[in-house]
Amino acid sequence: MAVFSGAVGGGDLADQNVFSISLDNLVEWNQPVEGSDVAVLAALSYAVDSATLSQLTRSARCNGTLMASLGVIAWNGLSGGGWTEVFGITGVTPGRTPPRMTAAVEGATDVFGINLPRVIRGSSLAFTGVDSFGTVTTVSGTGTALSVAGSATPASMIAAFFGTRSGLSNANKTQRYLNNTSTSLLISEARGTGASFNLTASRAVAGPWSAISVVLNPADQVASVQPLVVAPALTAAMMRLPRPTPKRRVTFDVEPED
C-alpha cells in the first residue's frame with residue numbers, strides 16, 4: 001500500500017531551427033517500466049519564439065496512448081516565451097520492450113504559415129503502486145532559487161518538475177533527471193511526510209522559471225515494501241544411492257591343468 005519510484009526515461013531534445021524556421025517539433029524516447037499499478041509522468045520544458053500558449057497544440061503519448069495534461073505554467077507566469085508542462089498516465093502495462101514516449105509542441109506559425117523557432121526538452125519517470133494522481137501544484141518566478149510545495153501521506157510520492165532556459169542544478173530532494181542543453185529540465189522526487197514541504201532547485205543566473213509538483217496516490221493492492229524479484233534456477237546434483245540388497249559373493253573352484 002505504498003508508491004515506489006521506478007526508472008527514468010532517456011529523454012530527448014528538439015532544437016533544429018534554420019533561418020528562423022522550426023524543423024522539428026517532436027521529442028521521443030524509451031521509458032522502462034516494471035511492476036504493477038504503473039504510472040508514468042512525462043515533462044516538457046519548451047520555448048517558442050513570439051508565441052502564446054493558445055497558439056500551441058501540445059501532446060504526449062505513451063506507446064501511442066494519449067496522456068492527460070496535468071498542469072502547464074509559463075516561465076515567470078508570462079503569457080508567452082517558455083513553459084513547463086507535465087502529462088500523466090496510469091495503468092501502464094510492462095512488456096518485452098520499454099514503452100515509447102512521444103511528445104510534440106505544434107502550431108505557432110508566422111504570416112507565411114512557417115513554424116516559429118522552438119526548443120523542446122522532454123523526459124519521464126515511472127512509479128509503481130499508483131492508483132491515481134493527486135494534488136498538482138504550479139508556481140513560477142524569476143531569480144536563482146526555484147521552489148514548489150508538495151504535501152502527501154507517507155505512502156505517497158511527490159514528483160517535481162523544474163523548467164527554464166538554462167543552468168539548473170542542486171535539487172534538495174532525490175534528483176532523477178537533469179539536462180541543461182538548449183533548454184533546462186530537472187526532475188526530482190520525495191516521499192510524502194504527512195506535512196507540506198518544499199522541493200527546490202537552483203538556477204545558475206537569475207532568470208524566469210516555472211515548476212510543477214504532482215502527488216501520486218497509492219493503490220490498495222500494493223504491498224508496503226519494495227517488490228522482491230526472484231530469478232528461478234535449477235541445479236542438478238548427483239547422489240549415489242545404496243544397493244537395495246546386500247552385496248553378493250560368488251565362489252568357484254578352478255581345477256589344475258594336467
How far apart are the closest heavy atoms of G194 and P154, and which atoms are they?
N-CD, 4.1 Å
Within the 4.5 Å heavy-atom criterion, are V214 and L41 side-chain neighbours or not?
yes
Verdict with reasoning, I212 to T137, per side chain to side chain contact (heavy atoms under 4.5 Å, CB included)
CA-CA 6 Å; I212 301 174; T137 303; over 6 Å; no
Can you see whether S132 engages N217 through a side-chain donor-acceptor pair at a distance of less than 3.5 angstrom?
yes
Do any N or O atoms from the side chain of S184 and from the backbone of G163 form a donor-acceptor pair under 3.5 angstrom?
no
In Å, rounded to the nearest 0.5 Å, how long is the span from OG1 of T84 to CH2 of W75?
6.5 Å
Side-chain donor-acceptor pair present, R118, N25, cut-off under 3.5 Å:
no
Taking the side chain as everything from C-beta on, heavy atoms only, tell me whether T65 gets closer than 4.5 Å to M67.
no
Can any side-chain N or O of D49 pair as donor or acceptor with the backbone N or O of L116 at less than 3.5 Å?
no
Nearest atoms (heavy-atom pairs only) where V136 meets L70
CG1-O, 3.5 Å
Option among T164, N170, T142, T144 that satisfies the side chain to side chain donor-acceptor pair (under 3.5 Å) test with R203:
T164
Do S166 and N180 pair up side chain to side chain, a donor and an acceptor below 3.5 Å, judged on atom types alone?
no
Taking all non-hydrogen atoms of both residues, which atom of V215 and which atom of S151 are closest, and how far apart?
CG2-O, 3.6 Å
Mind checking whether T181 and L13 have side chains closer than 4.5 Å, heavy atoms only?
yes
Could you give the side-chain donor-acceptor pairs of residues 87-96 under 3.5 Å, partners two or more places apart or in another chain?
none

In the structure I gave you, are the side-chain heavy atoms of M157 and F127 within less than 4.5 Å of one another anywhere?
yes
Any salt bridge between K173 and E189, counting N to O under 4.0 Å?
no
Distance alone, cut at 3.5 Å: any donor-acceptor contact between the side chains of W29 and S124?
yes
